[in-house]
Visitor: 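Structure provided below as structure tokens; questions to follow.
FYI, the numbering just counts along the sequence from 1.
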Amino acid sequence: MIGMLVVETIGKIRRLHEIEHAGPGIRRLLSGRLLAEVGEEAHRIDPGGAWFETGHDPVIGRVMAPGSAFIRCMVLDQDLLGRPTFRAWSAEEAAKPRSAQSRQFFDTLTALDGA
């Protein structure tokens, strides 16, 4: 398995892409405020709040406060090492410019004791 930790800083765009990632993971809001629409559910996220993304449901982030930034942490299959996990939900979404800036802190092979 690989462990990945990324910080996403969101620009002035109010609605992020409708996306999914290559696998599940937890997110934690560092600053700002978001409305996270994950599948059929919507959650208002304040600083310090966390949410889970399955990797199989469409996700839309709506920026509710300037300066929003969050941490994305995932544990994925090792064949994804060094590959992007971002997947636009549709060709139309893929054609839009990205509004978030990512800083990846690590993407490394990870072994879990007893696994």
Side-chain angles (χ1 to χ4, degrees):
M1 298 186 3
I2 62 169
M4 179 181 292
L5 177 68
V6 177
V7 172
E8 300 269 347
T9 305
I10 304 164
K12 294 181 179 181
I13 294 179
R14 304 304 263 168
R15 180 192 181 275
L16 302 176
H17 287 82
E18 186 169 0
I19 62 142
E20 65 179 359
H21 282 276
I26 192 147
R27 299 0 177 203
R28 183 173 187 269
L29 191 64
L30 300 172
S31 61
R33 183 173 294 122
L34 292 177
L35 179 65
E37 298 177 21
V38 182
E40 298 293 320
E41 298 182 15
H43 307 276
R44 177 184 152 158
I45 312 295
D46 293 311
W51 69 102
F52 182 78
E53 295 180 12
T54 66
H56 302 292
D57 294 313
V59 177
I60 300 172
R62 297 187 190 277
V63 179
M64 298 175 69
S68 294
F70 64 92
I71 294 173
R72 175 169 30 97
C73 185
M74 299 185 292
V75 177
L76 304 165
D77 291 331
Q78 66 184 18
D79 61 333
L80 291 168
L81 183 64
R83 296 175 52 203
T85 65
F86 173 88
R87 297 178 181 164
W89 193 251
S90 67
E92 180 182 46
E93 290 290 324
K96 295 177 181 177
R98 294 277 321 260
S99 57
Q101 296 178 353
S102 298
R103 179 174 177 206
Q104 185 165 314
F105 285 89
F106 64 82
D107 176 11
T108 187
L109 287 172
T110 303
L112 302 174
D113 290 338

Visitor: Would you name the heavy atoms of Trp51 and Leu29 that are closest together and state the gap between them?
Guide: CZ3-N, 3.9 Å
Visitor: Could you state the interatomic distance from CD (Glu41) to CG (Asp57), rounded to the nearest 0.5 Å?
Guide: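 Going from the CD atom of Glu41 to the CG atom of Asp57 covers 8.5 Å.
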Visitor: Between atom CD1 of Ile26 and atom CD of Glu53, what is the distance when rounded to the nearest 0.5 Å?
Guide: 10.0 Å
Visitor: Just verifying a value: how many Å separate Arg44 CZ and Arg62 CZ, rounded to the nearest 0.5 Å?
Guide: 15.5 Å
Visitor: Rounded to the nearest 0.5 Å, what's the gap from CZ on Phe70 to CG on Leu30? Could you check?
Guide: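 If I round to the nearest 0.5 Å, the distance is 9.5 Å.
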Visitor: Can you tell me if Ser68 uses its side chain to pair, donor with acceptor, with the backbone of Arg33 under 3.5 Å?
Guide: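 Yes.
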Visitor: What heavy-atom pair brings Phe52 and Gly25 nearest, and what distance separates the two atoms?
Guide: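 It is CD1-O, 3.3 Å.
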Visitor: Side chains of Val63 and Leu34: closer than 4.5 Å at any heavy-atom pair?
Guide: yes
Visitor: Ignoring hydrogens, what is the shortest heavy-atom contact between Ile45 and Ala36? Give both atom names and the distance.
Guide: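 Scanning both residues, the minimum pair turns out to be CG1-CB, 4.1 Å.
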Visitor: Just to verify, what does Leu81 make a side chain to side chain contact (heavy atoms under 4.5 Å, CB included) with, not counting sequence neighbours?
Guide: Ile2, Asp107, Leu109
Visitor: Could you tell me which non-hydrogen atom of Ser31 sits nearest to which non-hydrogen atom of Gly67, and how far apart they are?
Guide: OG-O, 2.6 Å
